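Quick caveat: nothing in here was measured; it's all calculated off a predicted structure.
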Amino acid sequence: MPRRAAAHTGRRASVLAALAVTALTATGTPAAATSAAHLPATAADGGRTMDRAFVKAAGKYDVPRDLLAAVGYGETHLDGHTGRPSQANGYGVMHLASNPANRTLEKAAAITGEPLSRLRRDTTANILGGAAVLRSYADRLGLDGNERDDIDAWYPAVAQYSGTTGPAAARYADTVYAFLTHGFAATVPGGEQISVTARPVAPEKGTLSATSGRAPITPYPSALWVPADAHNFSVGRTATIDKVIIHVTQGSYEGSIKWFQDPEAEVSAHYVVRSSDGQITQTVRDSDTAYHAKQANASALGIEHEGYIDDPSWFTDTMYRASAALTRALCDKYGIPKDRAHIIGHDEAPGTDHTDPGRYWDWNRYMGFVEGDSSNGSGSNGSTSGSAGDGSSGDGLGFDSYPLLQSGASGAHVTAVQQLLNTQGFAAGTVDGSFGAATLSAVKAYQTRHGLPAGGNVGPKTWTALLSAGSTPTLRQGDSGADVKRLQRSLTAALGTTVDAVGTFGPVTATAVRTYQTRQGLAVTGIVSSNTWAALHAGR
């Protein structure tokens with residue numbers, strides 16, 4: 001890929017430094033594009049209407065097609081919901097927003113010349129508008145033609161597209177680049193398949209960092225802390241906490257967190273859970289009253305889940321398990337019975353007019369996880385002794401998911417990283433579950449040694465490499481032992497879907513192996529040989 005000259009890098013560094021502390025809401029218009037030709041969606045497209053729209057929009061505004069698709073996938077899973085607005089008043093596949101904090105809808109209209117009504121409802125126009133907005137941010141950053149060809153150079157523009165600032169914007173961009181790293185295939189309304197092929201990425205982040213404060217005193221210490229605006233909740237409570245209410249955001253994870261920070265929103269929840277990896281952000285202290293369920297606010301804890309009620313693709317195994325672990329911890333702390341009378345949907349709350357979490361939310365599966373049944377759900381190998389969600393599987397390495405860890409994090413996942421680093425010869429210091437300077441230095445050294453992006457965050461690539469390290473025996477269905485358990489853990493990290501580390505190579509593990517081999521372009525045999533181990537060791 002083309003690389004930037006030193007002068008360009010220095011220029012961008014100064015821009016990024018400003019972006020890290022100011023609002024990311026540029027208003028520039030690409031000089032080369034002030035209006036857009038309509039791209040009609042007709043049968044002549046051969047059933048590839050959306051794909052053609054991505055290709056044409058990418059070409060018109062010189063935005064990488066896969067980046068554009070990954071942004072859309074992160075926002076909406078490429079479902080425009082027939083023009084219905086999200087919770088944050090965002091529209092279409094590209095979630096063009098129109099609210100006091102983010103006006104990308106109006107910005108897209110000004111650049112493309114498309115009317116607002118068409119940008120809201122027409123998928124082709126909406127994708128064109130998203131590309132135009134991204135290009136305007138690239139222009140504001142000073143990216144030239146060669147730089148726009150380098151997908152890694154777009155990271156700060158993607159961060160701007162989130163409508164957020166600081167760590168929240170960086171987390172949004174990290175998610176988009178994770179989709180590029182792992183690839184995806186989505187079936188969109190109408191049956192069309194949209195895909196992005198996995199590829200190595202090393203985004204140029206400048207001063208942007210996803211490092212964020214940990215949640216205040218809470219039963220779930222690994223949660224991030226991004227406080228809601230003071231207008232969107234009340235300090236204290238007037239009733240005893242006696243229930244947990246399950247919500248669906250009707251929008252994206254970062255978009256919902258940003259919405260809770262908008263003083264005009266008058267809405268919030270205590271926690272938000274991300275679909276892709278189960279990351280949890282707390283926005284209101286448990287001891288305070290979030291505005292999420294009208295009459296039940298005073299006595300309830302609210303958990304929002306990224307997604308839309310009419311699209312089950314958002315309700316991932318990782319999300320269910322992460323949310324259930326949170327709910328279980330909340331119930332244990334506040335003495336809430338773990339039953340459906342006290343863990344309810346928003347649609348079941350008194351006085352509500354909402355319908356979330358909707359018919360696709362699998363209550364039986366969720367409650368099984370809340371009650372501690374890790375064999376419930378699609379991630380099981382049919383055993384009732386799957387790995388514990390808190391790392392209590394004997395050696396402290398087995399989890400249902402391996403979340404993004406950053407400097408300042410704490411808990412069992414950090415303990416596991418420290419143990420793995422020390423075992424593999426990288427001095428992470430005392431194994432104390434606290435992601436401090438020694439651990440950060442060890443992570444960066446490990447990433448550099450293994451050719452991974454050396455940013456110091458422990459994401460899917462680093463987790464996969466750490467967990468898979470060791471010998472490379474040939475494994476196939478029917479095998480068992482410690483090497484199988486090591487394989488299952490590394491597949492969980494690589495795929496983002498739980499493969500219970502029970503040490504027995506069953507049919508679910510075989511399916512996971514084939515899925516991984518397909519994604520990596522390996523021979524799809526379901527048998528783990530040296531090539532598959534090499535890909536895992538490389539963090540792919």
J.: Going by distance alone, is a donor N or O of one side chain under 3.5 Å from an acceptor N or O of the other, for Ser98 and Glu106?
T.: yes
J.: Give the intermediate values and the outcome of side-chain contact (heavy atoms from CB on, under 4.5 Å) for residues Phe399 and Thr492.
T.: CA-CA 9 Å; Phe399 298 89; Thr492 294; over 6 Å; no
J.: Below 4.0 angstrom, N of the basic side chain to O of the carboxylate: do Lys333 and Asp286 qualify?
T.: no
J.: Say whether Asp400 and Thr498, considering side chains only, have a donor N or O and an acceptor N or O under 3.5 Å apart.
T.: no
J.: Can you find a heavy atom in the side chain of Trp259 that is under 4.5 Å from one in the side chain of Val267?
T.: yes
J.: Check the side chains of Arg121 and Thr82 for a donor-acceptor pair under 3.5 angstrom, ignoring hydrogens and angles.
T.: no
J.: Taking the side chain as everything from C-beta on, heavy atoms only, tell me whether Val248 gets closer than 4.5 Å to Phe315.
T.: yes
J.: Using the benzene-type ring in the case of Trp, are the ring centres of His305 and His247 under 6.0 Å apart?
T.: no
J.: Output all residues satisfying side chain to side chain contact (heavy atoms under 4.5 Å, CB included) with Thr462, sequence neighbours left out; order by chain, then residue number.
T.: Tyr446, Gln447, Leu452, Val458, Leu466
J.: Looking at Glu348 and Arg340, is there a salt bridge between them, counting it only when a charged N and a carboxylate O are closer than 4.0 Å?
T.: yes
J.: Run Lys107 and Ser136 through side-chain contact (heavy atoms from CB on, under 4.5 Å) and show every step you take.
T.: CA-CA 9 Å; Lys107 184 176 181 63; Ser136 74; 2.8 Å; yes
J.: Please report whether the ring centroid of Tyr73 lies less than 6.0 Å from that of Phe179.
T.: yes
J.: Check the side chains of Thr318 and Thr316 for a donor-acceptor pair under 3.5 angstrom, ignoring hydrogens and angles.
T.: no
J.: Could you give me the CA-CA distance, side-chain angles and deciding distance for Tyr366 and Thr327, then say whether side-chain hydrogen bond (donor to acceptor under 3.5 Å, both in side chains) is met?
T.: CA-CA 10 Å; Tyr366 186 71; Thr327 293; 2.7 Å; yes
J.: Do Asp310 and His81 have a side chain donor and acceptor closer than 3.5 Å?
T.: yes
J.: Please walk me through it: do Lys243 and Ser299 pass side-chain hydrogen bond (donor to acceptor under 3.5 Å, both in side chains)?
T.: CA-CA 7 Å; Lys243 66 179 69 68; Ser299 61; 2.8 Å; yes
J.: Working note: Glu147 + Trp154, criterion side-chain contact (heavy atoms from CB on, under 4.5 Å); need CA distance, chi angles, decisive distance, verdict.
T.: CA-CA 8 Å; Glu147 292 169 320; Trp154 285 83; over 6 Å; no
J.: For residues 437-444, run the donor-acceptor check on the side chains, cut-off 3.5 Å, and write out each pair with its distance to 0.1 Å, sequence neighbours left out.
T.:
residue, atom, partner, partner atom, Å
Thr439, OG1, Gln418, NE2, 3.1
Thr439, OG1, Ala428, O, 3.2

J.: With a 4.0 Å cut-off, would you call Lys258 and Asp262 a salt bridge?
T.: no
J.: Does a donor on one side chain and an acceptor on the other come within less than 3.5 Å for Tyr172 and Glu75?
T.: yes
J.: Which of these, Val63, Ile111, Leu143, sits in a side chain to side chain contact (heavy atoms under 4.5 Å, CB included) with Arg135?
T.: Val63
J.: Hey, do the aromatic rings of Tyr155 and Tyr177 have their centres closer than 6.0 Å?
T.: yes
J.: Would you kindly say whether Gln279 and Tyr253 are connected by a side-chain donor-acceptor distance under 3.5 Å?
T.: yes
J.: Compare every heavy atom of Asn232 with every heavy atom of Pro263, then report the nearest pair and how far apart it is.
T.: O-OD1, 3.8 Å
J.: Between Tyr61 and Thr112, is any pair of side-chain heavy atoms under 4.5 Å apart?
T.: yes
J.: With heavy-atom distances below 4.5 Å as the criterion, would you say the side chains of Leu405 and Asn457 are in contact?
T.: no
J.: Can you measure from CZ (Arg274) to OG (Ser256) and round to the nearest 0.5 angstrom?
T.: 12.5 Å
J.: Would you please name every residue forming a ring-ring contact (aromatic ring centres under 6.0 Å, His included) with Tyr320, sequence neighbours left out?
T.: Trp361
J.: Can you list the residues that meet the side chain to side chain donor-acceptor pair (under 3.5 Å) rule with Ser86, with sequence neighbours excluded?
T.: His95
J.: Dump the intermediate steps for side-chain contact (heavy atoms from CB on, under 4.5 Å) on Thr415 and Asp432, then the final yes or no.
T.: CA-CA 6 Å; Thr415 299; Asp432 57 4; over 6 Å; no
J.: Using the side chain to side chain donor-acceptor pair (under 3.5 Å) criterion, which residues pair with His77? Sequence neighbours excluded.
T.: Ser313
J.: Check this for me: Arg103, atom CZ, are more than 12 non-hydrogen atoms of other residues, nucleotides or ligands nearer than 6.0 Å?
T.: yes
J.: Would a 4.5 Å heavy-atom cut-off, applied to side chains only, mark Gln87 and Asn99 as touching?
T.: no
J.: Taking it one step at a time, do Asp362 and Tyr360 satisfy side-chain hydrogen bond (donor to acceptor under 3.5 Å, both in side chains)?
T.: CA-CA 6 Å; Asp362 190 338; Tyr360 292 116; over 6 Å; no
J.: Looking at residues at least two apart in the chain, or sitting in another chain, which of them share a side chain to side chain donor-acceptor pair (under 3.5 Å) with Asp347?
T.: none
J.: Output yes when a side-chain donor or acceptor of Thr355 lies under 3.5 Å from a complementary backbone atom of Gly358, and no otherwise.
T.: no
J.: Given 3.5 Å as the limit, does a donor-acceptor pair link the side chain of Ser162 with the main chain of Ala159, or not?
T.: yes
J.: Name the residue from Asp356, Thr76, Thr249 that meets the side chain to side chain contact (heavy atoms under 4.5 Å, CB included) definition with Tyr308.
T.: Thr76
J.: Using atom types as modelled and distance alone, determine if a side-chain donor or acceptor of Asp66 lies under 3.5 Å from a backbone N or O of Val196.
T.: no
J.: Say whether Tyr334 and Asp242, considering side chains only, have a donor N or O and an acceptor N or O under 3.5 Å apart.
T.: no
J.: If only atom types and distance count, is the side chain of His346 paired as donor or acceptor with the main-chain N or O of Glu304 below 3.5 Å?
T.: no
J.: Is the closest side-chain heavy-atom distance between Phe233 and Asn297 below 4.5 Å?
T.: no
J.: What do the steps show when you test Asp317 against Arg321 for salt bridge (Lys or Arg N to Asp or Glu O under 4.0 Å), and what is the final call?
T.: CA-CA 6 Å; Asp317 181 76; Arg321 290 174 184 265; 2.8 Å; yes
J.: Does Asn89 reach the main-chain N or O of Pro85 with its side chain, forming a donor-acceptor pair under 3.5 Å?
T.: no
J.: Measure the spacing between OG of Ser323 and CG of Leu330 and express it to the nearest 0.5 Å.
T.: 9.0 Å
J.: Can you find a pair of side-chain heavy atoms, one from Tyr91 and one from Leu119, that are under 4.5 Å apart?
T.: no
J.: Should Tyr291 and Ser234 be marked as a side-chain hydrogen bond (donor to acceptor under 3.5 Å, both in side chains) after you check the CA-CA gap, both sets of side-chain angles, and the distance that decides it?
T.: CA-CA 8 Å; Tyr291 298 161; Ser234 296; 2.5 Å; yes
J.: If every non-hydrogen atom of Ser268 is compared with every non-hydrogen atom of Ala228, which pair is closest and at what distance?
T.: CB-CB, 4.2 Å
J.: Are any of the side-chain heavy atoms of Gln282 and Ile257 separated by less than 4.5 Å?
T.: no
J.: Is the side chain of Trp463 donor-acceptor paired with the backbone N or O of Pro403 at a distance under 3.5 Å, no angle test?
T.: yes
J.: Just how far is it from atom OG1 of Thr283 to atom CG of Leu224, taken to the nearest 0.5 Å?
T.: 11.5 Å
